[in-house]
Protein chains: 2
Amino acid sequence: MREGIVAAAAELVFKSGARETSLDDVRHHVGASKSQLYHYCADKDEVPQAVIEFQGSRVIAEQQAELAAVNSWERLLAWRNKLVLLAEAYGKIGGCPMGSLANELAPYRQSHRTALTAGFQAGAGEIERALLALQACGALSAKFDPKSLSLLFLSTIQGGLLFAKLNGSAEALAKGLDQLIALIRNQE
Amino acid sequence: MREGIVAAAAELVFKSGARETSLDDVRHHVGASKSQLYHYCADKDEVPQAVIEFQGSRVIAEQQAELAAVNSWERLLAWRNKLVLLAEAYGKIGGCPMGSLANELAPYRQSHRTALTAGFQAGAGEIERALLALQACGALSAKFDPKSLSLLFLSTIQGGLLFAKLNGSAEALAKGLDQLIALIRNQE
DNA sequence: GCGAGAATGGACTGTCAGGTCCATTTATGG
DNA sequence: CCATAAATGGACCTGACAGTCCATTCTCGC
């Protein structure tokens, strides 16, 4: 039940924003009564917290296969394609599930910030591992620091998904990633 | 009077978010009565619209001196420094004034999207001009397309400022910009 | 089959925000 | 100095939403 509530909340929050989504919205969407909701959640602030964790693992799970398989530029491009595909499918609606939450909830609660930071670090870690693999097989120049580079990727993705949300098109994300990849690919 | 209302609204929205800022908050902050507010604004939706335009021109004005003066890598770095300085001063609080608004208001109203897109295009245009100047003086390789590159800069900045807001530090932005600049600087 | 505790339905309350309205005050032009 | 319109103060209405409460139903060990 709790999972259903969180999943519904995640969907609504993704579409309309955290502060815009009322508990009544979630309630109606999942077909639960008020007491059910308060049976599973202490208060309203618990919901975004749960949504952060939910989306954090979902977003990573969606890309892990592609990222873990990176051992060549082609495989990196496969990840890029997956990202653009996801952006085209969902990103135009709500941008990055984690980025939007971060933007909205960062000024609000320390616990939210902590959970969001953990999510982003996990994401950066996945990208870093892919870049390390790329260095191990000699594709990516050893002069790069995979950790910082992973943060640059994350920033680019966040920005790109923001524009996807704003313009309803993943083009900015695609172009940004392509340029970034081209830039690191052409360096000795 | 209207300017005062908009400026106060902009400040509060920057600190706490658009949907979080009530007209009463703005009212109290500027010391106006309810009828004054409704004398100058048709309804609540007019306020974010005005804030978008207000922040759009403010953000651009803040950087235009540095961007217009770019004619060498040093001058580009001066812009980078200004950006990091602004992020250190304000960005940790509310991230990018425009980016946060975009994130929150994009799902909401077409008129907001239009105004936000116009703001971002203006910003991208300024960056593009700087990059063109850099090509004109032979610093930046001619193989780059300044328009796409300006979008990559914008994405990186948006992402970096999101992390500034989340982590209370402009480090991610600084590192991101430095890496990006290094990448385009080392190419023929 | 029954009794205890969990799960549920939904009415109810308090608060807050958006918006309306009107009486009063303040400029402004003749 | 007055008439008119703009500007202001603030009471008031309405709806939405978070959260409470209690009566009822379900579930499960015994």
Side-chain angles (χ1 to χ4, degrees), chain A residues 1-55 94 100-101 103-113 115, chain B residues 1-55 94 100-101 103-113 115:
Chain A
M1 189 70 231
R2 184 164 205 271
E3 294 155 34
I5 294 173
V6 172
E11 187 188 332
L12 293 175
V13 165
F14 180 67
K15 279 199 289 203
S16 318
R19 313 293 296 173
E20 190 67 8
T21 303
S22 74
L23 290 183
D24 279 358
D25 292 338
V26 177
R27 227 156 61 71
H28 290 132
H29 197 260
V30 81
S33 76
K34 205 138 205 180
S35 34
Q36 275 184 74
L37 220 155
Y38 277 93
H39 186 76
Y40 294 106
C41 304
D43 57 14
K44 157 111 197 176
D45 284 344
E46 206 177 299
V47 177
Q49 188 75 23
V51 170
I52 292 172
E53 282 150 26
F54 178 86
Q55 295 284 34
S100 302
L101 284 168
N103 206 347
E104 215 172 341
L105 299 176
Y108 189 49
R109 287 204 157 236
Q110 180 57 46
S111 64
H112 296 158
R113 280 192 291 276
Chain B
M1 189 72 233
R2 184 164 205 274
E3 294 155 32
I5 294 173
V6 172
E11 188 189 331
L12 293 175
V13 165
F14 180 67
K15 278 200 289 205
S16 319
R19 312 295 295 174
E20 190 65 11
T21 302
S22 74
L23 290 183
D24 279 357
D25 292 338
V26 178
R27 227 156 60 71
H28 290 131
H29 197 261
V30 81
S33 75
K34 205 139 207 178
S35 34
Q36 274 184 74
L37 220 154
Y38 278 92
H39 185 75
Y40 294 106
C41 304
D43 58 14
K44 157 111 195 176
D45 284 345
E46 206 177 300
V47 177
Q49 188 75 23
V51 170
I52 293 172
E53 282 150 26
F54 178 87
Q55 295 284 35
S100 302
L101 284 168
N103 205 354
E104 215 172 342
L105 300 176
Y108 190 50
R109 286 204 158 237
Q110 179 58 47
S111 63
H112 296 159
R113 280 192 290 277

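Every value quoted in this text rests on a predicted model; they were computed, and no experiment measured them. In what follows, chains carry the letters A, B, and so on, assigned in the order in which the sequence lines appear, proteins first and then strands, with residues in each chain numbered from 1.
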Legend entry - Base of C:dA11 paired with side chain of A:Lys34 (donor-acceptor, under 3.5 Å):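 Side chain to base: no pair below 3.5 Å.
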Rounded off to whole Å, could you give me the [atom1]-to-[atom2] distance for the [X] and [N] pair?
X       : N      : atom1 : atom2 : result
A:Leu37 : D:dT20 : CG    : C1'   : 14 Å
A:His39 : D:dA18 : NE2   : P     : 20 Å
A:Asp43 : D:dG19 : CG    : P     : 5 Å

With distance as the sole test, does [X] use its side chain to make a donor-acceptor pair with the main-chain N or O of [Y] at under 3.5 Å?
X        : Y       : value
B:Arg19  : A:Arg19 : no
A:Glu104 : A:Ala18 : yes
B:Gln36  : B:Ala32 : no
B:Ser100 : B:Gly94 : yes

Inset, instruction - Could you check whether A:Lys44 gets within reach of a base, just the sugar-phosphate, or nothing at all, counting any heavy atom under 4.0 Å? - result: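 Sugar-phosphate only.
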Inset, instruction - Count the heavy atoms of every other residue, nucleotide or ligand shown that sit under 6.0 Å from CD of A:Gln110, and state whether that count exceeds 12. - result: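 It does: A:Gln110 CD has more than 12 such atoms within range.
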Inset, instruction - Report yes if a side-chain nitrogen or oxygen of B:Gln36 is closer than 4.0 Å to either non-bridging phosphate oxygen (OP1 or OP2) of D:dA7; otherwise report no. - result: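 So the side-chain polar atoms of B:Gln36 never come under 4.0 Å of the phosphate oxygens OP1 or OP2 of D:dA7.
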Legend entry - Side-chain N,O (A:Tyr38) to OP1/OP2 (D:dC21) below 4.0 Å: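 Looking at the OP1 and OP2 atoms of D:dC21, neither is under 4.0 Å from any side-chain N or O of A:Tyr38.
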Legend entry - Residues in contact with DNA chain C, drawn from residues 20-30 of chain B - heavy-atom cutoff 4.0 Å: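 Under 4.0 Å from DNA chain C: B:Ser22, B:Leu23, B:Asp24.
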Legend entry - Options D:dT8, C:dA7, C:dG10, nucleotide nearest the side-chain atoms of A:Ser33: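 Nearest to the side-chain atoms of A:Ser33, counting from C-beta on, is C:dG10.
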Inset, instruction - Go through the side-chain N and O atoms of A:Ser22 and A:Asp25 and say whether any donor and acceptor fall under 3.5 Å apart. - result: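 A:Ser22 vs A:Asp25: donor-acceptor pair found between side chains.
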